[in-house]
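Indexing begins at 1, ligand by ligand and atom by atom, following the structure's order.
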Amino acid sequence: MADMRLAVVGAAGRMGQALIRAIDAVDGAALAAAVERSGSDALGRDAGELARLGPVGVAIGDDAEAAFAAADGVLDFTAPAVSVEFSRLAADAGIVHVIGTTGLDAAQEDAIRANAARAAIVKSGNMSLGVNLLSVLVRQAAKALDADWDIEVVEMHHKHKVDAPSGTAYLLGEAAAEGRGVDLSDNSVRVRDGQTGPRPKGTIGFATLRGGSVVGEHSVLLAGEGEVVELTHRALDRSIFARGAVKAALWARNRDPGLYSMLDVLGIS
Ligand SMILES: NC(=O)C1=CN([C@@H]2O[C@H](COP(=O)(O)OP(=O)(O)OC[C@H]3O[C@@H](n4cnc5c(N)ncnc54)[C@H](OP(=O)(O)O)[C@@H]3O)[C@@H](O)[C@H]2O)C=CC1
Ligand SMILES: O=C(O)C1=N[C@H](C(=O)O)C[C@H](O)C1
């Protein structure tokens with residue numbers, strides 16, 4: 001089979017550059033186009049040079065429709081409203097859309113779900129193997145322990161991150177809620193400040209740290225009487241997310257339309 005032609009949107013971003021390097025390193029994938037927003041300083045630059053690979057002969061442009069017409073799939077780590085618009089364009093073009101963008105609100109999630117009726121979309125708050133394995137372990141631990149065990153999700157990211165809690169923190173919170181058989185939205189505490197009162201039993205708490213260049217660290221703490229179980233993942237390099245995204249695109253090629261997760265891609269449950 002011919003290489004899968006992939007377009008990278010947000011090509012000049014932290015993840016965009018990691019995606020360009022990952023496509024170069026993976027057999028069966030080829031960079032077809034690289035897209036940035038209109039007005040970006042990166043327009044016209046060679047995508048490989050920007051990603052510190054050396055020239056690859058693909059110039060960064062701002063015409064997403066033309067890029068999608070020349071691609072079999074798009075890798076998208078940009079911003080919530082941008083990913084919603086790209087999911088419409090990718091569905092119009094009938095190509096695979098891999099979405100790593102986090103921080104979407106409920107209406108934006110619904111819009112993407114609607115577009116998944118027309119094309120295969122793989123979406124996850126974290127594309128790494130390690131975090132997806134962690135989510136399975138968290139679900140198991142939450143299932144095994146009763147609501148006397150308090151569950152807290154703690155995350156730390158670099159100072160440039162614009163959304164909180166992280167997409168991964170939600171993914172892990174959802175896994176804990178599923179294991180416990182409750183709905184996360186009715187049972188989460190996302191912020192604490194001032195006279196909070198005692199911790200409400202059965203809730204899943206979130207705590208956010210931001211600083212420096214931390215790629216991404218997540219811990220789920222299950223705190224019982226006299227003991228704490230702690231499950232942790234540390235991302236040491238963005239290549240783990242980029243490799244996962246390329247793997248997701250290759251997996252989704254020729255799949256029926258639908259909204260898929262990284263657990264589907266990795267075949268772990
Ligand atoms: N699911 C996962 O595994 C992971 C998810 N993420 C998520 O990915 C997203 C991006 O993260 P990161 O790479 O660090 O962020 P960056 O800000 O470094 O990159 C985002 C890029 O998208 C560009 N962009 C903005 N608007 C458009 C547009 N209309 N068309 C094309 N490009 C556009 C930005 O350009 P400009 O700066 O000029 O606005 C920027 O270059 C975040 O939501 C983050 O949480 C990150 C890592 C892993
Ligand atoms: O913004 C980031 O950098 C990351 N975002 C994702 C998230 O919100 O969980 C994944 C990863 O932790 C890095």
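- Residue, atom and distance of the protein heavy atom nearest to atom 3 (O) of ligand 2 are H158 NE2, 2.8 Å.
- In terms of protein heavy-atom proximity, atom 27 (C) of ligand 1 is closest to R37 CB, 3.5 Å.
- Residue E174 holds its CD atom at 12.0 Å from CZ of R139, rounded to the nearest 0.5 Å.
- Relative to atom 46 (C) of ligand 1, the option among M15, H160, R14 with the closest non-hydrogen atom is M15.
- Shortest contact from atom 7 (C) of ligand 2 to any protein heavy atom: G167 N, 3.4 Å.
- Of all protein heavy atoms, the one lying nearest to atom 6 (C) of ligand 2 is G125 O, 3.6 Å.
- When heavy-atom distances to ligand 1 are checked against a 4.0 Å cut-off, V82 comes that close only through its side chain, counted from C-beta outward.
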side-chain contact (heavy atoms from CB on, under 4.5 Å) between R190 and Y170, intermediate numbers included: CA-CA 10 Å; R190 290 166 48 167; Y170 281 124; 2.8 Å; yes
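- Only backbone heavy atoms of V215 (N, CA, C or O) come within less than 4.0 Å of ligand 2; its side chain stays farther off.
- Taken from NE2 in H97 to OH in Y260, the straight-line distance is 15.5 Å, to the nearest 0.5 Å.
- Nearest to atom 8 (O) of ligand 2 by heavy atom, out of K161, E217, R238, H160, is K161.
- V162 does not count as a contact of ligand 2, since none of its heavy atoms falls under 4.0 Å from the ligand.
- Protein heavy atoms are found inside the 4.0 Å sphere centred on atom 3 (O) of ligand 1.
- An N or O contact shorter than 3.5 Å is missing between F241 and ligand 2 by distance.
- Each of the atoms 12 (O) of ligand 2 lies under 4.0 Å from some heavy atom of H218.
- In the vicinity of S166, heavy-atom distances shorter than 4.0 Å reach the ligand 2 atoms 7 (C), 8 (O), 9 (O).
- Within a 6.0 Å radius of CG in D41, other residues, nucleotides and ligands contribute 12 heavy atoms or fewer.
- Set against the non-hydrogen atoms of T168, the atoms of ligand 2 under 4.0 Å away are 7 (C), 9 (O), 10 (C), 12 (O).
- Smallest separation of non-hydrogen atoms from F206 and G173: CZ-CA, 4.0 Å.
- Evaluated for a side-chain contact (heavy atoms from CB on, under 4.5 Å) with L31, the options D24, I23, L53 yield exactly one hit, I23.
- Side-chain N/O atoms of S166 and H157 include no donor and acceptor closer than 3.5 Å.
- Side-chain N or O atoms of E155 include none that pairs as donor or acceptor with a backbone N or O of E217 at under 3.5 Å.
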Evaluate L6 against V98 for side-chain contact (heavy atoms from CB on, under 4.5 Å), listing each step before the verdict. CA-CA 10 Å; L6 296 175; V98 176; over 6 Å; no
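- The shortest separation from a heavy atom of E85 to ligand 1 is not under 4.0 Å, leaving the residue out of contact.
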Apply the test side-chain contact (heavy atoms from CB on, under 4.5 Å) to residues V122 and D264: give CA-CA distance (whole Å), side-chain angles for both, the deciding distance (0.1 Å), then the verdict. CA-CA 9 Å; V122 182; D264 296 322; over 6 Å; no
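- With a 4.0 Å cut-off on non-hydrogen atoms, S124 touches ligand 1 through its backbone and not its side chain.
- The option from H157, M156, M127 that lies nearest to atom 11 (C) of ligand 2, judged by heavy atoms, is H157.
- At least one heavy atom of G125 sits less than 4.0 Å from an atom of ligand 1.
- Contact annotation for K161 and ligand 1: only side-chain heavy atoms (C-beta onward) come within less than 4.0 Å of the ligand.
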